[in-house]
Amino acid sequence: MNDVDWVAMADTLELEGETHSPYVRRALDELGDLDPRRILDIGSGPGVAACELATRFPRADVTAVDGTPELLARAERRAERLDVGLRTRAADLPEGLTDLGRADLVWAGQFVHHTGDQQGTLDQLAGVLEPGGVLALVEGGLPTRWLPRDLGFGRPGLQERLDVAMAERFGRMREELPGSASVAEDWPGMLRAAGLSGVYSATFLVDHPAPLADGPRLWARRSFERYRHAFGETLDPADLATLDRLLDPDDPAGVDHRPDVFVLTAKTVHYGRRP
Ligand SMILES: C[S@@+](CC[C@H](N)C(=O)[O-])C[C@H]1O[C@@H](n2cnc3c(N)ncnc32)[C@H](O)[C@@H]1O
C-alpha cells in the first residue's frame with residue numbers, strides 16, 4: 001500500500017460514505033433482478049457501501065476487503081450496529097485478489113485509482129467474477145462543492161483553487177504508486193478491455209442542500225481540515241487565512257455555523273458483466 005494515512009482518515013471516510021450513501025442505493029437499483037450469492041466490496045474502507053450491499057442483498061454472503069485492519073474493524077462495528085451480516089478480510093491489493101474466491105457481484109468504490117496498474121487491477125477484478133457476475137466500479141464523477149463562490153471574505157473562487165491543488169496532489173500520489181502506469185482513464189473502455197460485456201456508466205447526483213444536517217456538516221469540516229493540512233505549503237497565504245477562518249469554531253462565518261454550507265457532487269458507477 002502507498003503512504004496515504006488511511007487510519008488518520010477513518011472518521012472522514014466514514015462521514016463521507018454516510019453523506020454519499022444515497023448514491024450507493026441508487027447505483028444498486030441499476031442491478032435490477034441480480035440475485036448475488038457472494039459479494040465482495042474491494043477497498044471497502046469503513047464499510048458504508050458494504051453495509052448497504054448487505055442490507056440490499058440479505059441472502060448474500062458479503063465480504064468487505066481492505067488493506068487497513070482499523071477500517072475493517074470499523075466496518076464490523078457498523079455492521080453490528082445496523083444488524084447486517086458482514087464478513088471482513090484484510091488483504092494487500094491487488095495481489096490479494098487471487099485468494100478471495102469468486103463472486104457474483106464485485107463493488108470497487110474509489111479503490112482502483114490507488115493501484116499503480118489500473119488496467120491490471122481491473123483485469124484481476126474481472127477474473128474474480130463468476131460467469132454472469134457484475135463488476136460495479138466507482139471512479140470519475142465530479143469534485144464536491146460545499147460553499148458559494150464568494151464567502152463574503154477572502155478571494156472568491158477558493159474551491160476551484162482547492163480543486164487544482166487536489167488534482168496535483170492526486171497526480172503525485174499516482175506517480176508514486178508501485179508499478180505506476182499511465183493509461184487513458186476511459187473506465188468503460190478499460191472494463192471492456194478486461195473482457196466484460198454490456199458495459200455502461202451511470203452518474204448519480206449527491207445533493208444535500210443548505211442548511212446541512214450535522215453529519216454532512218462535520219464531513220465538510222473534516223474535508224477543510226484535510227485541505228488545510230495538505231496544502232499548507234502550496235496555497236497562497238490569503239487562501240490559507242480564509243481556510244483558517246472557515247475552520248475557526250468560534251467564527252459565525254466558519255463551516256460549523258454558516259447557514260450556506262451544502263454538499264453537491266456526482267458519483268459515476270461503471271458496470272460490466274462477465275460473459
Ligand atoms: C478512498 S478509500 C475508498 C473507501 C470506500 N470504498 C469508499 O468508496 O468510500 C480507498 C480504500 O482503499 C484501501 N486501499 C488503498 N490501497 C490499497 C491496497 N493497495 N490494498 C488494500 N487496500 C487498499 C484503503 O485502505 C481505503 O480504505
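Every number for a ligand or one of its atoms is a count from 1 in the order of the listing.
Applying the 4.0 Å criterion to heavy atoms of Gly43 picks out, from ligand 1, the atoms 3 (C), 4 (C), 5 (C), 6 (N), 11 (C), 12 (O). Atoms of ligand 1 lying under 4.0 Å from any heavy atom of Gln110, numbered from 1 in the order shown and given with element: 1 (C), 3 (C), 7 (C), 8 (O), 9 (O), 10 (C). For ligand 1 and Gly45, the ligand atoms under 4.0 Å from any heavy atom of the residue are 27 (O). Residue-ligand proximity, Ala91 to ligand 1, at heavy-atom distances under 4.0 Å covers atoms 20 (N), 21 (C). Short contacts between ligand 1 and His114, defined as distances under 4.0 Å to a heavy atom of the residue, involve ligand atoms 1 (C), 10 (C), 15 (C), 16 (N). Close contacts between ligand 1 and Gly67 involve ligand atoms 21 (C), 22 (N) [criterion: under 4.0 Å to a heavy atom].
Between Gly17 and ligand 1 there is no heavy-atom distance shorter than 4.0 Å. Using a 4.0 Å heavy-atom cutoff, Ala108 is absent from the residues neighbouring ligand 1.
Between Thr68 and ligand 1, at least one N/O pair is under 3.5 Å apart. Any N or O atom pair closer than 3.5 Å counts here, and Gly109 shares at least one such pair with ligand 1. By the 3.5 Å distance cut-off applied to N or O atoms, Phe111 is not counted among the residues near ligand 1. The distance criterion of under 3.5 Å between nitrogen or oxygen atoms is not met by Thr115 with respect to ligand 1. In terms of polar-atom proximity, defined here as any N/O pair under 3.5 Å, Leu13 makes no such contact with ligand 1.
With a heavy-atom cut-off of 4.0 Å, Ser44 touches ligand 1 through its backbone alone.
Residues in residues 82-111 take part in no ring-ring contact (aromatic ring centres under 6.0 Å, His included) pair, two or more places apart or across chains.
For Arg59, the side-chain contact (heavy atoms from CB on, under 4.5 Å) test picks out Asp35, with sequence neighbours left out.
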After noting the C-alpha distance and the side-chain angles of Gln110 and Glu139, does the key distance pass the side-chain hydrogen bond (donor to acceptor under 3.5 Å, both in side chains) rule? CA-CA 6 Å; Gln110 303 170 113; Glu139 292 290 346; over 6 Å; no
Before giving the answer on side-chain hydrogen bond (donor to acceptor under 3.5 Å, both in side chains), spell out for Gln119 and Asp123 the whole-Å C-alpha distance, their side-chain angles and the decisive distance to 0.1 Å. CA-CA 6 Å; Gln119 181 66 60; Asp123 295 347; 2.9 Å; yes
With ring-ring contact (aromatic ring centres under 6.0 Å, His included) as the test, would you mind laying out the steps for His20 and Trp219 before giving the verdict? CA-CA 11 Å; His20 286 166; Trp219 178 52; 5.1 Å; yes
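A donor-acceptor contact shorter than 3.5 Å links the side chain of Arg174 to the backbone of Gly116.
Under the 4.0 Å criterion applied to side-chain N and carboxylate O atoms, Glu130 and Arg274 are not assigned as salt-bridge partners.
Comparing Leu177, Asp66, Leu71 by heavy-atom distance to atom 12 (O) of ligand 1, the nearest is Asp66.
Taking the side chain as every heavy atom from C-beta outward, Val138 and Thr268 never approach each other to under 4.5 Å.
In this structure, the ring of Trp6 has its center less than 6.0 angstrom from the ring center of His114. Under the 6.0 Å cut-off for aromatic ring centres, His113 and Trp187 do not qualify, their centroids lying 6.0 Å or more apart.
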